[in-house]
A.B. asks: 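Supplied in structure tokens, the structure appears directly below.
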Amino acid sequence: MTKITYLEEQDVLLISPSMLPDTDDFQLWGEVFLTMDKLKIIEFNQGADRHQWRFEFDQQPFALNYEYYSESIWISPEGVDASALMSFLHASICSNLQQ
């Protein structure tokens with residue numbers, strides 16, 4: 001089971017899966033996680049210790065980030081307009097995970 005926590009002060013959604021993906025598996029994991037009608041995947045970026053899926057929600061840009069060393073997965077907005085949608089994104093993702 002995956003838990004999604006909205007950390008309003010940090011303006012991020014913290015993603016806590018029951019099992020973290022390996023660094024080599026994050027691309028596939030993120031693609032599956034972001035499979036929703038309301039999301040549009042833009043691109044995948046891979047680094048040595050940090051990977052990122054960029055996507056749009058309600059025509060605003062966001063990033064699904066994975067950091068290998070801290071074993072952290074989170075979603076961050078990319079801009080003020082995207083920040084205003086964080087609670088709606090949180091609700092949409094949680095609703096999608098319950099289906």
Side-chain angles (χ1 to χ4, degrees):
M1 186 164 123
T2 300
K3 181 179 176 185
I4 315 289
T5 307
Y6 180 26
L7 303 175
E8 203 167 342
E9 290 181 14
Q10 289 86 6
D11 203 23
V12 299
L13 297 178
L14 182 62
I15 315 297
S16 304
S18 55
M19 189 169 162
L20 281 169
D22 290 330
T23 189
D24 295 335
D25 297 330
F26 180 73
Q27 183 173 6
L28 176 61
W29 185 93
E31 192 170 6
V32 171
F33 181 81
L34 294 174
T35 301
M36 287 177 48
D37 291 336
K38 297 179 181 182
L39 301 182
K40 178 185 171 191
I41 293 176
I42 300 171
E43 68 181 340
F44 178 70
N45 297 304
Q46 184 170 350
D49 63 342
R50 188 169 176 182
H51 308 322
Q52 181 184 73
W53 269 109
R54 294 189 65 244
F55 66 95
E56 285 184 354
F57 172 74
D58 200 17
Q59 300 179 346
Q60 295 301 316
F62 293 85
L64 172 65
N65 303 284
Y66 172 69
E67 190 173 78
Y68 175 73
Y69 292 113
S70 66
E71 297 184 334
S72 304
I73 301 174
W74 71 97
I75 293 175
S76 56
E78 295 185 343
V80 175
D81 292 336
S83 288
L85 296 173
M86 287 295 282
S87 62
F88 298 110
L89 177 60
H90 180 229
S92 292
I93 291 173
C94 288
S95 175
N96 189 60
L97 288 176
Q98 292 176 354
Q99 293 180 7

A.B. asks: Quick check: are there more than 12 heavy atoms from other residues, nucleotides or ligands sitting under 6.0 Å from CD of E43?
C.D. replies: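 Result for CD/E43: enclosed.
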
A.B. asks: Determine the minimum heavy-atom distance between I15 and W29, stating which atoms define it.
C.D. replies: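 Looking at all heavy atoms of both residues, the shortest contact is CG2-CH2, 3.8 Å.
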
A.B. asks: Looking at every non-hydrogen atom in both residues, tell me the closest pair between I41 and F55 and how far apart they are.
C.D. replies: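 Of all heavy-atom pairs spanning I41 and F55, the closest is CA-CB, 4.0 Å.
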
A.B. asks: For D49 and T23: C-alpha separation, side-chain torsions, deciding distance, then whether side-chain contact (heavy atoms from CB on, under 4.5 Å) applies.
C.D. replies: CA-CA 8 Å; D49 63 342; T23 189; over 6 Å; no

A.B. asks: Looking at every heavy atom in both E78 and A63, which two are closest together, and how far apart are they?
C.D. replies: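 That closest heavy-atom pairing would be OE2-CB, 3.6 Å.
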
A.B. asks: Quick one: closest heavy-atom pair of L85 and F57, and the distance?
C.D. replies: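 Distance-wise, the nearest heavy atoms are CD1-O, 3.8 Å.
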
A.B. asks: Locate the shortest heavy-atom distance separating I75 from M86; write the atom from each residue and the value.
C.D. replies: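 Closest heavy-atom pair between I75 and M86: O-CE, 3.8 Å.
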
A.B. asks: Please report the interatomic distance OH(Y6) to CG(D11), rounded to the nearest 0.5 Å.
C.D. replies: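 Going from the OH atom of Y6 to the CG atom of D11 covers 5.0 Å.
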
A.B. asks: Hey, are the side chains of P61 and R54 touching, using non-hydrogen atoms and a 4.5 Å cut-off?
C.D. replies: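 In short, these two side chains touch, coming nearer than 4.5 Å.
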
A.B. asks: Quick one: are N96 and T35 in side-chain contact, heavy atoms under 4.5 Å?
C.D. replies: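 No, too far: nothing below the 4.5 Å cut-off.
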
A.B. asks: Of all heavy-atom pairs between I73 and P21, which one has the smallest distance, and what is that distance?
C.D. replies: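 Answer, listing the atom of I73 first, then P21: CD1-CD, 3.8 Å.
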
A.B. asks: Roughly how far, to the nearest 0.5 Å, is the CD atom of Q52 from the CD atom of Q46?
C.D. replies: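 The CD atom of Q52 is 12.0 Å from CD of Q46, to the nearest 0.5 Å.
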
A.B. asks: Would you find a donor on one side and an acceptor on the other, under 3.5 Å apart, between the side chain of S18 and the backbone of M1?
C.D. replies: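 Flag set: sc S18 to bb M1 pair under 3.5 Å.
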
A.B. asks: Is it the case that one hydrophobic cluster holds both F26 and L20, taking links as side-chain heavy atoms less than 4.5 Å apart, direct or via other members?
C.D. replies: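 Linked within one cluster.
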
A.B. asks: Treat each ILVMFWY residue as a node, draw an edge where side-chain heavy atoms are under 4.5 Å apart, and state whether F62 and L97 are in one component.
C.D. replies: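 Yes, same cluster.
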
A.B. asks: Mind checking the NZ-CG spacing from K40 to D58? Nearest 0.5 Å is all I need.
C.D. replies: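 The CG atom of D58 is 13.0 Å from NZ of K40, to the nearest 0.5 Å.
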
A.B. asks: Any side-chain heavy atom of W53 within less than 4.5 Å of one from Q27?
C.D. replies: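 In short, these two side chains touch, coming nearer than 4.5 Å.
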
A.B. asks: Distance from E8 atom CD to L13 atom CG, nearest 0.5 Å?
C.D. replies: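 With rounding to 0.5 Å, CD (E8) is 10.5 Å from CG (L13).
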
A.B. asks: Indicate if L14 and F33 have the same hydrophobic cluster label, given that clusters are the connected sets of ILVMFWY residues with side-chain heavy-atom separations under 4.5 angstrom.
C.D. replies: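 Per the 4.5 Å side-chain linkage, L14 and F33 are not co-clustered.
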
A.B. asks: Rounded to the nearest 0.5 Å, what separates atom CZ in F44 from atom CD in E31?
C.D. replies: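 Spacing of CZ (F44) from CD (E31) equals 9.5 Å.
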
A.B. asks: To the nearest 0.5 angstrom, please state how far the OH atom of Y66 sits from the CG atom of D22.
C.D. replies: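 Here the interatomic distance stands at 6.5 Å.
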
A.B. asks: Strictly distance-based, threshold 3.5 Å: is any side-chain N or O of S95 a donor or acceptor partner for the main-chain N or O of A91?
C.D. replies: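 Such a contact is absent between S95 side chain and A91 backbone.
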
A.B. asks: So do the side chains of N65 and E67 get within less than 4.5 Å of each other, counting heavy atoms only?
C.D. replies: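 Side chain of N65 against side chain of E67, heavy atoms only: no contact under 4.5 Å found.
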
